[in-house]
Amino acid sequence: MLSFFKIVFLVACICWLPCQAQQVIVTKNPLQLADQYFAAGEYYTAAYLYEQVLNPSANTKKDDVFPVYSKRGKTGYILPKKISREAILYKQAESYRLAHYWLQADSTYKKCPDYIDALYWMAICERSLGLYEEAAANLRQYLDATNTNKQHVDAAEQEWATLEYIKKQLARPDTVLVHIKKLTVPDSYEKGTFAVTPLQGNQYLISKTKTDSPIVKGYNPNNSHLFKAVLENDSLTQVTQLKLSDAGPLINQGAANSNANGNCIYFTQWQKGNGRMVSNIYVTKQVNGSWSAPQLVSRINTSGYSSKQPVCTPDGKYLYFSSDRPGGTGGFDIWYAPLKEDGSVGEPENVGRTINTEGDEQAPFYHANSKTLVFATNGRPGMGGFDLFSAQGNTITWSTPVNMGYPVNSSRDDIYFYAPEKNALLGDALIGSDRGSGCCLETYRINKLPKHNRMTGVVLDNKTHKPIGDANVVLTTPDGKTTQTTTDINGNYIFDSVDNSFNNQQLVVTKQNYRDTAAIVTITKTDNTNLLTDRHFNTDIFIEKKFVLKPENVVTVYFDFDMYDLKKEAVRKLDSVYNVLLEIPGATLQISGYTDGKGSDAYNAKLSDRRARACAEYFIQKGIAASRITFESFGACCPLEMELINGLDNPDGRSKNRRALINITKE
């Protein structure tokens with residue numbers, strides 16, 4: 001596909017041709033002129049001239065001259081004998097295709113059955129027109145053909161992969177989240193509107209074609225210029241040219257961006273020289289309310305190479321741009337350079353092979369809020385032409401670029417991207433694309449609703465680590481809003497439509513026979529592979545089982561003063577409990593230890609713990625799994641008998657308080 005300045009230049013030829021057709025008469029025949037303009041890259045003019053060659057009488061009147069400097073004889077132009085009509089049709093089809101007139105190119109290729117490669121180019125045109133089934137049919141016919149003159153077999157295989165990719169993109173479920181609409185701009189259909197970036201307030205810089213005056217003979221009067229416009233809803237209004245000095249009729253200006261302070265505008269200026277387009281980056285500064293004469297930005301421009309499409313980072317530290325300067329990885333690469341307060345820049349650096357390919361990378365944009373670089377490339381698999389890709393990182397380290405997908409991308413060229421810092425990347429973005437029926441790149445507004453957010457987690461027993469089903473889980477946000485759910489048999493809970501910031505959100509888990517447990521939401525990972533829903537995983541929540549005594553299932557054993565050894569009577573009782581555990585494999589034990597009131601609280605806590613542990617260890621030594629036993633110590637808590645009667649010590653009461661209770665749960 002064509003680079004941005006070639007697209008603009010070629011489109012400008014559309015308006016240029018009729019203006020120049022009546023001005024100059026030359027002696028070259030139409031075919032020579034057509035070939036000359038084709039070689040010069042002025043494809044639409046070439047297509048028009050080829051039409052004069054093919055149908056001279058149908059396109060000229062008695063006293064007319066051929067458009068673009070060609071006069072005819074009285075009997076019309078006669079094709080040279082060695083050049084077939086189909087050969088000229090094929091050249092015309094190539095001209096239309098290279099000028100991005102897909103419909104005309106497709107219909108003309110169809111008239112060239114002797115050219116096997118016409119099938120391939122028909123598929124390219126039909127893909128660009130959204131005729132995917134027709135494109136696939138022609139591509140398959142081309143690949144299956146045994147004709148040895150095929151020149152584009154490898155490219156056809158890649159195009160087949162492109163059609164398969166398009167098919168998958170069109171089936172994406174998240175397209176329902178995206179709303180896309182072309183901005184309403186005066187003359188956009190005929191002159192295009194691209195590279196929309198903010199200037200000040202609701203004023204934006206835009207690039208579009210304008211017919212320069214006075215017209216200079218022999219030069220294309222339609223050139224790209226910078227304009228200011230006001231963005232209101234889905235329209236660009238109050239479009240006025242930004243008055244910058246230029247150097248002559250061949251100068252084009254566009255693809256601009258202002259710095260963070262809005263007092264410098266960096267822009268691309270390009271012109272044709274030695275048969276090719278050469279672009280450089282200039283800067284103009286605001287002085288006393290006016291813009292200064294543009295100055296070539298040093299360091300980032302290299303003689304004999306092109307640099308273009310500058311964009312400043314929101315923090316004012318870097319200038320990103322595209323260039324085919326030496327040191328890159330392919331055609332045009334993305335570069336960056338330190339940006340200084342006075343508007344000058346430091347030495348540029350290539351962003352690296354993670355971003356750049358052997359193809360062309362163009363029109364960089366950095367969204368600081370999401371730490372995302374957006375750029376256009378034709379060097380990666382996509383929907384055709386240039387696609388927009390995004391990669392997270394900063395200056396040196398980048399994630400693997402990801403195709404931004406349909407409908408952000410189309411089967412045509414999608415170049416230029418802008419999104420406000422305060423929004424999500426695709427919350428309210430502007431893109432440049434030639435997907436419409438207009439002459440060239442136009443600007444589209446994209447609004448993508450946020451993906452659905454789901455938080456999930458699991459509730460587990462803190463001792464056994466087994467899942468806890470039917471637990472009640474309540475989510476509370478910082479503003480006090482609560483949502484509740486219950487866990488399934490696997491202990492899983494799900495909250496839908498959550499705020500994915502998760503700042504200071506709290507969960508409270510309640511379950512019968514378990515202690516109420518509160519926990520701060522802590523997301524451990526996020527699965528964003530689903531195109532409609534991001535799934536956020538909360539850290540596991542462990543809850544502790546309460547100690548519940550049931551009188552009908554309680555066995556009591558007693559201990560001597562200040563002792564935790566098991567007495568014979570205690571062992572007999574524990575053996576009876578052991579037999580129950582053998583008979584009922586699902587039975588569990590809850591053991592609690594107590595002391596009498598003598599001694600300090602700290603000492604009694606340790607002693608009661610030792611009594612409970614003595615009982616637990618007895619069962620474990622007899623082969624009962626530790627997972628079936630829980631125990632807790634209570635010290636001198638909860639005496640069963642009075643230890644003082646009328647102020648006198650009651651030894652018998654104290655002896656009954658020195659105990660351990662074994663609760664048998666038969667669930």
Side-chain angles (χ1 to χ4, degrees), residues 460-466 511-518 542-584 586-667:
L460 304 170
D461 185 287
N462 75 323
K463 293 286 187 182
T464 65
H465 288 198
K466 291 182 178 180
K511 167 72 174 176
Q512 186 178 8
N513 297 335
Y514 282 85
R515 299 184 186 279
D516 293 352
T517 302
F542 294 91
I543 61 175
E544 183 181 5
K545 204 166 190 178
K546 288 181 180 178
F547 191 83
V548 181
L549 293 177
K550 297 180 180 179
E552 66 273 18
N553 293 323
V554 174
V555 173
T556 306
V557 297
Y558 298 98
F559 295 86
D560 290 334
F561 175 72
D562 200 28
M563 302 294 290
Y564 56 87
D565 297 332
L566 296 176
K567 298 193 291 187
K568 291 183 179 180
E569 179 63 19
V571 170
R572 185 184 64 78
K573 290 183 177 181
L574 295 182
D575 284 341
S576 65
V577 174
Y578 171 73
N579 291 331
V580 173
L581 296 176
L582 293 180
E583 292 173 3
I584 308 175
T588 59
L589 300 181
Q590 295 173 305
I591 304 173
S592 58
Y594 299 86
T595 68
D596 60 24
K598 289 187 176 182
S600 66
D601 290 344
Y603 182 83
N604 286 336
K606 292 181 180 179
L607 181 58
S608 63
D609 181 70
R610 288 170 179 167
R611 287 171 176 171
R613 286 179 183 273
C615 297
E617 289 172 0
Y618 181 81
F619 291 113
I620 292 172
Q621 289 174 0
K622 292 178 73 67
I624 301 301
S627 61
R628 299 174 66 184
I629 304 170
T630 59
F631 59 87
E632 194 165 356
S633 56
F634 292 92
C637 168
C638 316
L640 295 177
E641 298 288 341
M642 296 179 63
E643 297 187 0
L644 292 174
I645 299 177
N646 297 324
L648 299 176
D649 188 68
N650 179 19
D652 186 55
R654 290 186 185 278
S655 66
K656 292 181 180 179
N657 290 336
R658 299 190 292 266
R659 69 198 187 280
L661 304 181
I662 296 90
N663 178 254
I664 307 170
T665 302
K666 300 176 182 178
E667 297 176 357

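Under the 4.5 Å side-chain criterion, counting only non-hydrogen atoms from C-beta, Asn513 is not in contact with Lys511. Looking only at side-chain heavy atoms (C-beta outward), Leu661 and Ile591 stay at 4.5 Å or farther from each other. Residues Thr665 and Leu589 are not in side-chain contact: their nearest non-hydrogen atoms beyond the backbone lie 4.5 Å or more apart. Side-chain contact check for Leu566 versus Phe559: some heavy-atom pair is nearer than 4.5 Å.
We find that Asp562 and Arg658 are not joined by a salt bridge, their nearest charged nitrogen and carboxylate oxygen being 4.0 Å or further apart. Ion pair Lys567/Asp560 flagged as a salt bridge, since at least one NZ, NE, NH1 or NH2 atom sits closer than 4.0 Å to an Asp/Glu carboxylate oxygen.
No donor-acceptor distance shorter than 3.5 angstrom exists from the side chain of Asp461 to the backbone of Lys545, with no hydrogens or angles considered. When atom types are taken as modelled, the side chain of Asn657 and the backbone of Leu640 share a donor-acceptor pair closer than 3.5 angstrom. With hydrogens and angles disregarded, no donor-acceptor distance shorter than 3.5 Å links the side chain of Ser633 to the backbone of Ser608. Although no hydrogens or angles enter the test, the distance criterion places no donor-acceptor pair under 3.5 Å between the side chain of Gln590 and the main chain of Ile629. At least one donor-acceptor pair closer than 3.5 Å links the side chain of Lys573 to the backbone N or O of Thr556. Asn650 places a side-chain N or O within donor-acceptor distance of the main-chain N or O of Met642, the cut-off being under 3.5 Å.
Screening Lys463, Arg613, Arg515 for a salt bridge (charged side-chain N to carboxylate O under 4.0 Å, His left out) involving Glu632 leaves a single residue, Arg515.
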Practice problem: Just do the salt bridge (charged side-chain N to carboxylate O under 4.0 Å, His left out) check on Asp596 and Lys656 with the steps written out, would you? | Solution: CA-CA 8 Å; Asp596 60 24; Lys656 292 181 180 179; over 6 Å; no
Quiz prompt | side chain to side chain contact (heavy atoms under 4.5 Å, CB included) assessment of Asp649 paired with Arg654 | solution = CA-CA 9 Å; Asp649 188 68; Arg654 290 186 185 278; 2.5 Å; yes
Practice problem: Could you give me the CA-CA distance, side-chain angles and deciding distance for Ile662 and Val554, then say whether side chain to side chain contact (heavy atoms under 4.5 Å, CB included) is met? | Solution: CA-CA 5 Å; Ile662 296 90; Val554 174; over 6 Å; no
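Atom OH of Tyr514 sits about 8.0 Å away from atom CG of Asn462, to the nearest 0.5 Å. Of the inter-residue distances, the one linking Asn579 atom CG with Ile584 atom CD1 reads 11.0 Å to the nearest 0.5 angstrom. Tyr558 contributes atom OH, which lies 12.5 Å from atom CZ of Arg611 (distance to the nearest 0.5 angstrom). Expressed to the nearest 0.5 Å, how far OG1 of Thr588 lies from CG of Leu581 amounts to 8.5 Å. Phe631 CZ to Asn663 CG: the interatomic distance, rounded to the nearest 0.5 Å, is 15.5 Å. Once rounded to the nearest 0.5 Å, the distance linking CG of Asn604 with CG of Leu607 reads 6.5 Å.
Residue Ala636 comes nearest to Gly597 through the heavy atom pair CB-CA, 4.1 Å, listed as atom of the first residue, atom of the second, then distance.
No side-chain donor from either of Asp609 and Tyr564 sits under 3.5 Å from a side-chain acceptor of the other.
More than 12 heavy atoms of other residues, nucleotides or ligands lie within 6.0 Å of CZ in Phe619, so this atom counts as buried by the packing criterion. Within 6.0 Å of NZ on Lys606 lie no more than 12 heavy atoms contributed by other residues, nucleotides or ligands. Other residues, nucleotides and ligands contribute over 12 non-hydrogen atoms within 6.0 Å of the CD atom of Glu569.
Relative ring orientation between Phe542 and His465 is described as tilted, the plane-to-plane angle lying within the 30° to 60° band.
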